[in-house]
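For reference, the structure discussed in these notes is given below.
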Amino acid sequence: MGRKASKATENIYYIARIRAAEKNGTFTSREKAALQLGIERSRLARIELDKIEPYAEEVLIMAREYNAPYLCEDFCRNVCPIGNEKVLGHHKKAVRVDSLERLSLQFLSSAQSIDDISKILVNISKDGKITEEEYESFHNVLRAMDELSDNIRSIKAYIDANPNLRSRFDADLRI
């Protein structure tokens with residue numbers, strides 16, 4: 001097995017290759033991986049060392065060969081200007097990446113109101129229409145739901161910002 005690249009240990013592409021190497025010996029070294037991927041070895045090294053960004057086509061190949069579909073989402077979210085602005089930007093509010101403890105407390109605080117929100121929502125919707133008097137309550141319900149969603153996205157952003165966590169929760173990071 002190849003040596004561990006200490007400078008690349010936080011890189012998402014390196015982590016994906018090493019995880020793939022656990023199941024496929026072809027990926028134990030950059031040389032072997034580069035041949036399998038059809039990417040020049042020195043280019044793969046520069047990608048894994050965060051010296052250059054990969055091309056979208058290279059990400060697609062790595063995602064397929066490493067069985068790591070989260071590489072595509074990460075690329076679209078963090079590198080691709082179209083994916084970042086157009087695809088994800090329409091619902092992507094600024095998310096906080098505080099400490100996990102702080103984020104957890106904020107989430108729990110917003111989650112405590114779920115029972116009240118549910119009761120109000122049932123009362124508003126039980127007759128199938130929203131009356132003039134119910135608009136303000138409905139607006140408050142939507143704001144509370146947005147706050148809860150924002151807190152969920154912030155926890156996911158915390159995980160996404162940490163490559164070691166991100167690689168373990170790759171399929172659960174739909175933000």
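Just so you know, these numbers use all the heavy atoms, side chains as well, and skip hydrogens, waters and symmetry mates. It should be emphasised that the depicted structure is a prediction, and the values quoted were computed from it without experimental measurement.
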Query raised in the report: Is the number of heavy atoms from other residues, nucleotides or ligands within 6.0 Å of CG (N123) greater than 12?
Result: yes
Is the backbone of [Y] close enough, under 3.5 Å, to the side chain of [X] for a donor and an acceptor to pair up by distance?
| X | Y | value |
| --- | --- | --- |
| D74 | Y70 | no |
| S109 | L105 | no |
| E58 | Y55 | yes |
| S29 | K32 | yes |

What I'd like to find out is whether the side chain of [X] reaches to under 4.5 Å of the side chain of [Y], using heavy atoms alone.
| X | Y | result |
| --- | --- | --- |
| N140 | R143 | yes |
| F138 | L121 | yes |
| N11 | L49 | no |
| V59 | Y13 | yes |
| I61 | R64 | yes |

Report task. Quick one: list whatever passes side-chain contact (heavy atoms from CB on, under 4.5 Å) with L60, sequence neighbours left out. Result -> C72
Report task. Name all residues meeting the side-chain contact (heavy atoms from CB on, under 4.5 Å) criterion together with I117; count only those two or more places apart in sequence or in a different chain, and write none if there are none. Result -> S113, V141, A144, M145
Interatomic spacing from [atom1] in [X] to [atom2] in [Y] - rounded to 0.5 Å:
| X | Y | atom1 | atom2 | result |
| --- | --- | --- | --- | --- |
| Q36 | F27 | CD | CZ | 5.0 Å |
| L71 | E65 | CG | CD | 12.0 Å |
| I39 | E57 | CD1 | CD | 10.0 Å |
| N151 | L103 | CG | CG | 7.5 Å |
| I159 | L100 | CD1 | CG | 7.5 Å |
| D146 | L142 | CG | CG | 7.0 Å |

Report task. Write down the atom of P54, the atom of M62, and the distance for their closest heavy-atom approach. Result -> CB-CE, 4.1 Å
Query - Between E134 and T131, a side-chain donor and acceptor under 3.5 Å - result: yes
Query - S118 and its side-chain contact (heavy atoms from CB on, under 4.5 Å) partner, picked from I120, D116, I114 - result: I114
Requested in this report: Mind running salt bridge (Lys or Arg N to Asp or Glu O under 4.0 Å) on R153 and D150 for me, showing each step along the way?
Outcome: CA-CA 5 Å; R153 278 194 301 275; D150 289 346; 2.3 Å; yes
Query raised in the report: Given the rule in the side chain to side chain contact (heavy atoms under 4.5 Å, CB included) test, do Y66 and R19 qualify, once you have shown the distances and angles that lead to the verdict?
Result: CA-CA 8 Å; Y66 297 162; R19 286 180 71 197; over 6 Å; no
Query raised in the report: Linking I/L/V/M/F/W/Y whenever any side-chain heavy atoms sit under 4.5 Å apart, do Y135 and I124 land together?
Result: yes
